[in-house]
Student: 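Take this structure first; my questions come after.
A quick note: this is a predicted structure, and the numbers were derived from the prediction, not measured.
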Amino acid sequence: MILDFYRQEGRSFPWRETRDPYEILVSELMLQQTQTERVVPKYLNWLQEFPSAQALAHASFSQVLAAWSGLGYNRRAGYLQEACRQVVEDLGGVFPSSACELEKLRGVGPYTARAVATFAFNKPEVFIETNIRSVYLFLFFPRDSVPSGQGEGQNKSAEDAIPVKDKVADSRLMPLIEATLYHENPRIWYYALMDYGARLKKSTANPNRRSLHYSRQSKFQGSLRQARGAIVKSLTQTQGNILSLKDIERDSGIELYRLESAAESLVAEGMICRQGDLYCINESR
């Protein structure tokens with residue numbers, strides 16, 4: 001059923017047209033908590049500017065952040081560059097093909113390592129993400145806990161009506177994912193699962209509301225993420241990459257106290273540096 005659906009209605013993305021582990025790693029980090037339609041143009045532009053792990057490893061951090069601007073969670077850009085530096089400096093520019101070795105790269109967690117191993121090298125790994133989770137919840141667990149006929153974006157409080165004891169942990173799904181893994185072509189299998197899950201969330205009540213791990217992303221407007229993004233964007237778009245928070249407040253319209261809190265967190269992470277009342281991108285990271 002899943003493969004038939006994919007043959008008829010499978011989606012097309014540029015990262016599905018490559019087997020280059022660098023290009024696939026870029027897509028995986030960009031897609032974390034970001035919608036695919038926002039990622040596609042950023043992904044294509046990124047590969048024009050940084051066509052290889054070597055190009056990214058040798059770029060300035062301000063260049064990297066400027067190219068990432070608009071995707072949010074700027075730490076991912078730093079992790080991606082650091083991972084590529086590891087590959088270039090320690091591995092002779094060759095990405096490992098096994099998940100356990102990929103997981104040794106900076107910022108590459110269990111899911112990302114297994115996704116890269118599968119999509120780049122067609123390894124039969126077992127992993128889960130939001131759309132895959134939707135498929136297994138929908139097909140293998142009772143569906144009467146959530147009102148039917150409501151697609152994504154409707155009945156936002158529906159998950160609150162589900163008792164915690166009735167929610168499903170990923171530990172219960174992983175054995176099912178492993179048991180049903182299509183070993184003949186795991187790459188295509190996971191593409192198909194993701195596309196089927198994406199369709200489910202548009203045609204029925206979001207199955208992920210039955211997951212023990214489900215939570216809605218907090219609002220961007222007024223958040224620390226918004227203030228952090230404004231600081232990074234302003235610094236990367238300014239000649240010399242150095243500004244005061246008052247300059248950023250004037251340009252962004254974000255209150256100074258929020259910018260101060262955001263700047264403090266960025267400094268602590270090594271993303272930016274403080275020089276008196278001025279801030280700049282940390283090019284030495």
Side-chain angles (χ1 to χ4, degrees), residues 26-43 45-46 61-82 106-109 111-112 129-131 133-134 151-160 164 167 198 201-202 206 208-209 211-238 241-274 277-282 285:
V26 171
S27 72
E28 287 298 329
L29 289 181
M30 286 188 172
L31 286 164
Q32 290 176 11
Q33 297 179 292
T34 308
Q35 295 177 333
T36 52
E37 58 266 25
R38 288 181 56 206
V39 170
V40 171
K42 284 291 183 179
Y43 174 81
N45 290 337
W46 181 278
F61 191 45
S62 57
Q63 285 178 287
V64 172
L65 288 176
W68 193 272
S69 179
L71 287 170
Y73 299 96
N74 289 294
R75 279 173 294 184
R76 291 179 292 172
Y79 291 151
L80 180 54
Q81 185 177 41
E82 290 174 27
R106 175 71 167 154
V108 175
Y111 163 78
T112 302
E129 53 82 68
T130 181
N131 288 323
R133 184 181 292 113
S134 292
E152 182 66 36
Q154 300 180 15
N155 197 23
K156 287 297 187 182
S157 62
E159 71 275 10
D160 298 331
V164 172
K167 294 193 174 186
K201 288 193 287 188
K202 293 179 180 178
N206 184 356
N208 278 337
R209 293 174 186 164
S211 170
L212 188 62
H213 313 282
Y214 177 78
S215 62
R216 294 195 300 272
Q217 190 177 50
S218 59
K219 291 183 179 180
F220 179 72
Q221 193 68 29
S223 67
L224 182 65
R225 288 185 293 126
Q226 182 190 31
R228 285 167 55 96
I231 292 172
V232 171
K233 182 177 181 180
S234 294
L235 291 177
T236 56
Q237 292 182 348
T238 300
N241 305 125
I242 187 165
L243 285 170
S244 71
L245 292 185
K246 289 186 177 180
D247 293 328
I248 299 172
E249 178 188 30
R250 183 188 62 247
D251 295 339
S252 68
I254 296 175
E255 299 92 333
L256 184 59
Y257 77 92
R258 289 176 53 209
L259 293 173
E260 289 172 341
S261 178
E264 184 178 343
S265 68
L266 288 167
V267 169
E269 293 169 16
M271 298 277 288
I272 65 175
C273 298
R274 181 174 183 175
D277 292 332
L278 300 176
Y279 292 83
C280 63
I281 300 296
N282 181 10
R285 60 174 286 130

Student: Rounded to the nearest 0.5 Å, what separation is found between the CD atom of E249 and the CD atom of E260?
Tutor: 8.5 Å
Student: Which heavy-atom pair separates A263 from I272 by the least distance, and what is that distance?
Tutor: O-CD1, 4.0 Å
Student: Regarding E269 and R228, does a basic nitrogen lie under 4.0 Å from an acidic carboxylate oxygen?
Tutor: yes
Student: Is the shortest side-chain heavy-atom distance between M271 and N74 below 4.5 Å?
Tutor: yes
Student: So do the side chains of W46 and L80 get within less than 4.5 Å of each other, counting heavy atoms only?
Tutor: yes
Student: Taking the side chain as every heavy atom from C-beta outward, state whether V26 and M30 have any atom pair closer than 4.5 Å.
Tutor: yes
Student: Heavy atoms, side chains only, cut-off 4.5 Å: are L29 and W68 in contact?
Tutor: yes
Student: Pairing donors with acceptors under 3.5 angstrom, does anything connect the side chains of Y111 and Q32?
Tutor: no
Student: Would you say the side-chain atoms of D251 and S234 include a donor-acceptor pair closer than 3.5 Å?
Tutor: no
Student: Could you tell me whether the side chain of V108 reaches within less than 4.5 Å of the side chain of Y79, counting heavy atoms only?
Tutor: no
Student: With distance as the sole test, does R225 use its side chain to make a donor-acceptor pair with the main-chain N or O of Q221 at under 3.5 Å?
Tutor: no
Student: When you compare the side chain of S261 with that of E264, does any pair of heavy atoms fall below 4.5 Å?
Tutor: no
Student: Would you give the length of the straight line joining atom SG of C273 to atom CG of L278, rounded to the nearest 0.5 angstrom?
Tutor: 12.0 Å
Student: Would you compute the distance between atom OG of S69 and atom CD of Q237 and round it to the nearest 0.5 angstrom?
Tutor: 6.0 Å
Student: Closest approach of K42 and A67, non-hydrogen atoms and distance?
Tutor: NZ-O, 3.8 Å
Student: Spell out, as yes or no, whether a donor-acceptor pair under 3.5 Å connects the side chain of D247 to the backbone of L243.
Tutor: no
Student: Give a yes or no on whether a salt bridge exists between R258 and E255, defined as a side-chain N under 4.0 angstrom from a carboxylate O.
Tutor: yes
Student: To check you understand the geometry: which heavy-atom pair defines the closest contact between S252 and L259, and what is its length?
Tutor: OG-CD1, 4.4 Å
Student: Please report the C-alpha distance between T236 and V232 in whole Å, then the side-chain angles of each, then the deciding distance to 0.1 Å, and finally whether the side-chain contact (heavy atoms from CB on, under 4.5 Å) criterion is met.
Tutor: CA-CA 6 Å; T236 56; V232 171; 4.3 Å; yes
Student: Mind checking the CG-CZ spacing from N206 to R133? Nearest 0.5 Å is all I need.
Tutor: 10.0 Å
Student: What I'd like to find out is whether the side chain of S62 reaches to under 4.5 Å of the side chain of L235, using heavy atoms alone.
Tutor: no
Student: Treating Q35 as the side-chain partner and E37 as the backbone partner, does any N or O pair qualify as donor plus acceptor under 3.5 Å?
Tutor: no
Student: So which atom in S134 and which in N208 form the shortest heavy-atom distance, rounded to 0.1 Å?
Tutor: OG-ND2, 3.1 Å
Student: Kindly determine whether Y279 and L245 satisfy side-chain contact (heavy atoms from CB on, under 4.5 Å), including the steps that lead there.
Tutor: CA-CA 8 Å; Y279 292 83; L245 292 185; 3.4 Å; yes
Student: How about T130 and K201: does a side-chain donor come under 3.5 Å of a side-chain acceptor?
Tutor: yes
Student: Look at the side chain of N282 and the backbone N and O of G270, then say whether any donor-acceptor pair between them is shorter than 3.5 Å.
Tutor: yes
Student: Contact between I248 and I254 at the side-chain level, heavy atoms closer than 4.5 Å - yes or no?
Tutor: no
Student: Indicate the atoms forming the closest heavy-atom contact of G72 with R76, along with that distance.
Tutor: O-NH2, 2.8 Å
